[in-house]
Protein chains: 2
Amino acid sequence: MATIQDVAKLAGLSRTTVSRVINQHPYVTDEKKRLVMNAMEELNYVPNSSARRLRKQQTETIAVYVPRITNPFFSQMVEVMGNYAAEKGYQLILCQTSYSRNQEINYLELLKTKQVDGLILTSIENEWSDIEPYMNFGPIMLCNEYNDEAKVPTVYLNQIEGGYIGTRHLIEQGHTKIGYCSGDNTESRVASDRYKGYKKALAEAGLPLNEKWFLTSAYSIEDGKRIFKEIASMKDPPTAVFTGSDEVAAGIWKEAVNHQWRVPDDLAIIGFDDQPVAELIGLTTIEQPIEEIAKRAMEQMIETIEKKLPSKRKEIQLDFKLVKRRST
Amino acid sequence: MATIQDVAKLAGLSRTTVSRVINQHPYVTDEKKRLVMNAMEELNYVPNSSARRLRKQQTETIAVYVPRITNPFFSQMVEVMGNYAAEKGYQLILCQTSYSRNQEINYLELLKTKQVDGLILTSIENEWSDIEPYMNFGPIMLCNEYNDEAKVPTVYLNQIEGGYIGTRHLIEQGHTKIGYCSGDNTESRVASDRYKGYKKALAEAGLPLNEKWFLTSAYSIEDGKRIFKEIASMKDPPTAVFTGSDEVAAGIWKEAVNHQWRVPDDLAIIGFDDQPVAELIGLTTIEQPIEEIAKRAMEQMIETIEKKLPSKRKEIQLDFKLVKRRST
DNA sequence: CGAAATCATGAAATCGGTTTCATAGATTGA
DNA sequence: TCAATCTATGAAACCGATTTCATGATTTCG
């Protein structure tokens, strides 16, 4: 591998001048520039990125944390982030926390060891107080996830509204017995806010909150199937159910059909995310502006890095949209 | 940020000794080791990865190329690769080529500039001859994709067999008019082999090959819908169709139902990949051992890096499995 | 026209580690 | 017992770039 020294020698100039050409520094005559270019060409030279990183103290790499990349919500987010980052000359390191606290903390070392210039968290497993110390080592921000204590830029969705418009829609369809499904993460404000929106819609319509219709541990298609069975076995089942994800909704629907229930007549179902599968099966759902959220987050991160902005709280809130289909 | 120098000073030792402790070199007395450990602890020291990379000439980072991370086939692959890499102490850089030749070449510079120790390609956009020169800069391997000229380790699926068992299944169900859908990439042996398998099954059964039933540009759900319309408008349409992906199959199915066709009676459909959606809607499909292919590839890559194996052709071939559901 | 500002270049310091080489004391073995 | 080997440590070289500083040539301007 040719080094900058080899190029300098071949061009009959100093390393400094070669470096200047590489970095488009002014104060290099066109003639020398040409000499250097030719030498670089001839030696098939490319600057060594490790050396550059060390000297410049920056890596042009950004880490993105997701629970699992196979979750379509997150993979869409990463797709957009990756493309935008590449456009701006940054690499993306993918960190899958697998919903594990340890894994998340392990990956945080990346920032500490200066392997990345910044971190975007799309979900948090640990307490904020465990994450905060890492802010000393580089910029951290939240995208999708949010946390009241975190003094970092946050791009997020108005989950209260998300829960509200979904539930509201079911009420408008004439339902009075409305169930609610969610995961188990009690730390996350995403979950609690969405539930708040649900309660708000019920309260506004003067409908009671029935705790028996609150269903948990809902993440996957399989969970949805299980949840349908729970519903079917109730004495006084809900006639409509608000779910936290399209997968869960799809699972409920599938199992409902297996049991000869009609959707939406016997049970109306509303999903969340508007993943491709929702359109496919005709699921009413809440659409999230994933592209925008991802792009805004990456923009913010790159700005923070390049302008060396101090870390501070800054909220960018985006809205949901209801997509009505045949499941309600 | 504390450096190794600071630690050395605090411990009253040389940088060398500190480095030895970090790298678990023998020949350090327990007492000095303790001194160093304490100093590191006190200063909250972590070695700077850029410096380490520069000196050691390795990055502990692997790049994985995928066309788009939102394609579930690739996101599953990346999930497994990412987790396995992390387990072995490697990072994953995600490179989305977006099916673009330029993008692919741009990313190849990563290897040249020594930002990664190796490259795993899961699909190739360019001619192999355009990629080959980069082999000088580090190990490259193929996973899923394969290419006859490439003198690199390749983990792949027997696509001929994939095309064969799918088509064979349709024939066994009594179909004689069997259509075939695929993308447009003529470079890829993945595509051509799968088609070979299809032809082989037809030939064995003495069935004719009808070029009108060969449908192209099939990638997405939308494409599937379009393809159904093409089929519906044929004078002599096929009664069954083999598709290159579950999404396309799902699109065809959805549009078929919209037009009051019954599946599988009016049209049998077989997908490819066995994505979650296939189970959901009851699509017969060809299952790929994604986990295994991904793990084997990552294993091979890490071995190549760590043992500095010379680049040479090595084929690891895995098999498909038919998953029968109600669409056939 | 002479001082100040600008342009062009290279030597040397620097980023923060690891590796090589030299050295000295402690052990081993013939 | 004395040479050979092993253990333990540090000084200095090195990885390959960028940045600072110094210097001389050229241009600008009052």
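In this text the structure is predicted, and so the values were computed from the model without any measurement. Per chain, numbering begins at 1; letters A, B, ... match sequence-line order.
- The NZ atom of Lys33(B) sits 10 Å away from the P atom of dT9(D) (whole-angstrom rounding).
- The distance between atom CZ of Arg20(A) and atom P of dT20(D), rounded to the nearest whole Å, is 11 Å.
- An OP1 or OP2 oxygen of dG10(C) is reached within less than 4.0 angstrom by a side-chain nitrogen or oxygen of Ser14(A).
- A straight line from OH of Tyr27(A) to P of dA8(C) spans 8 Å, rounded to a whole angstrom.
- Applying the 3.5 Å distance criterion, the base of dG17(C) shares a donor-acceptor pair with the side chain of Arg15(B).
- In this structure, Asn48(A) places its CG atom 8 Å from C1' of dC15(D), rounding to the nearest Å.
- Regarding contacts with the backbone of dG10(C), a side-chain N or O of Thr17(A) is found under 4.0 angstrom from either OP1 or OP2.
- Gln57(B) has a side-chain polar atom (N or O) that falls below the 4.0 Å cut-off from OP1 or OP2 of dG16(D).
- Among the protein residues, Thr16(B) comes within range of the nucleic acid bases, having at least one heavy atom under 4.0 Å from a base atom.
- If you measure from atom NE2 of His25(A) to atom P of dG10(C), you get 14 Å, rounded to the nearest angstrom.
- Using a cutoff of 4.0 Å between basic side-chain nitrogens and carboxylate oxygens, Glu149(A) and Arg189(A) are not scored as salt-bridged.
- Note on Arg101(A) versus Glu127(A): salt bridge recorded, some NZ/NE/NH1/NH2 to OD/OE distance being below 4.0 Å.
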Should Tyr146(A) and Glu315(A) be marked as a side chain to side chain contact (heavy atoms under 4.5 Å, CB included) after you check the CA-CA gap, both sets of side-chain angles, and the distance that decides it?
CA-CA 9 Å; Tyr146(A) 55 33; Glu315(A) 303 188 22; over 6 Å; no
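- At dC14(D), none of the side-chain N or O atoms of Arg55(B) fall inside 4.0 Å of OP1 or OP2 (strictly under the cut-off).
- Proximity of Tyr45(B) to the phosphate of dG17(C): a side-chain N or O atom is located under 4.0 Å from OP1 or OP2.
- Between the side chain of Arg53(A) and the base of dG16(C) there is no donor-acceptor pair of N/O atoms closer than 3.5 Å.
- Counting only N and O atoms by type, the side chains of Arg52(A) and Asn23(A) include a donor and acceptor under 3.5 Å apart.
- The residue Val46(A) sits close only to the backbone: its heavy atoms come under 4.0 Å of sugar-phosphate atoms, none of a base.
- Contact annotation: Ser49(A) does not reach the phosphate of dA17(D) (side-chain N/O to OP1 or OP2, under 4.0 Å).
- Side-chain contact, Glu79(B) with Thr70(A): a donor N or O sits under 3.5 Å from an acceptor N or O.
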